[in-house]
Amino acid sequence: MNSRPFDLDVRGLSCPEPVLRVKKILDIGLDKQLSIITDSRVSMENISRLARHAGFAFASEEQNGQFYLLLSKEV
């Protein structure tokens with residue numbers, strides 16, 4: 001999952017800023033996928049809740065304290 005460049009890097013940001021940045025992108029409209037990297041488990045969990053509530057599929061992977069997230073439109 002982490003082999004491609006990320007659309008959004010929210011590492012080092014305190015809540016609620018990561019969720020607000022993701023929400024802004026989702027509100028504008030997401031055509032296919034949004035990849036995100038964060039260094040906070042709390043941010044990962046909050047982004048997961050936002051994505052699922054908004055009807056997006058959510059996948060995550062953790063490596064060395066970094067969380068790689070992928071949001072995509074559910075079919």
Side-chain angles (χ1 to χ4, degrees):
M1 182 184 315
N2 62 355
S3 61
R4 69 185 203 100
F6 289 91
D7 299 316
L8 186 60
D9 183 344
V10 294
R11 289 176 289 188
L13 299 177
S14 299
C15 280
E17 189 63 29
V19 173
L20 293 175
R21 290 190 182 193
V22 172
K23 184 175 184 328
K24 184 176 181 179
I25 292 171
L26 297 182
D27 287 347
I28 291 170
L30 181 60
D31 289 334
K32 296 180 183 174
Q33 296 182 332
L34 175 65
S35 59
I36 306 159
I37 185 170
T38 183
D39 54 2
S40 165
R41 181 174 298 278
V42 171
S43 291
M44 184 270 301
E45 292 169 353
N46 289 339
I47 291 169
S48 168
R49 279 193 288 278
L50 170 67
R52 290 187 175 118
H53 180 74
F56 289 86
F58 177 85
S60 67
E61 180 180 310
E62 180 182 4
Q63 290 182 0
N64 301 319
Q66 306 291 308
F67 298 91
Y68 302 91
L69 316 176
L70 185 63
L71 280 62
S72 56
K73 283 198 170 192
E74 292 185 325
V75 191

### Message
If you compare all heavy atoms of M44 against all heavy atoms of F58, which two are closest, and at what distance to 0.1 Å?
### Response
O-CZ, 3.9 Å

### Query
Can you find a pair of side-chain heavy atoms, one from I25 and one from L71, that are under 4.5 Å apart?
no

### Task
Please round to the nearest 0.5 Å and tell me the distance separating atom CG of L50 and atom OG of S43.
11.5 Å

### Task
Begin from the C-alpha positions of R11 and I37 and carry the test side-chain contact (heavy atoms from CB on, under 4.5 Å) through to its verdict.
CA-CA 7 Å; R11 289 176 289 188; I37 185 170; 3.6 Å; yes

### Query
How far does CG of D39 sit from CG of D9, to the nearest 0.5 angstrom?
8.5 Å

### Task
May I ask you to say whether E17 pairs ionically with R21, meaning some side-chain N is under 4.0 Å from a carboxylate O?
yes

### Task
Could you grab the distance from atom CD of Q66 to atom OG of S40, nearest 0.5 Å is fine?
10.5 Å

### Message
Are N46 and P16 packed together at the side-chain level, in the sense that at least one heavy-atom pair is separated by less than 4.5 angstrom?
### Response
no

### Message
With side-chain contact (heavy atoms from CB on, under 4.5 Å) as the test, pick out the partner of V22 among L69, L8, T38, D7.
### Response
L8

### Any S60 side-chain heavy atom under 4.5 Å of F67 side chain
no

### Summary
CD1 of I47 to CD of E45, rounded to nearest 0.5 Å, is 10.5 Å

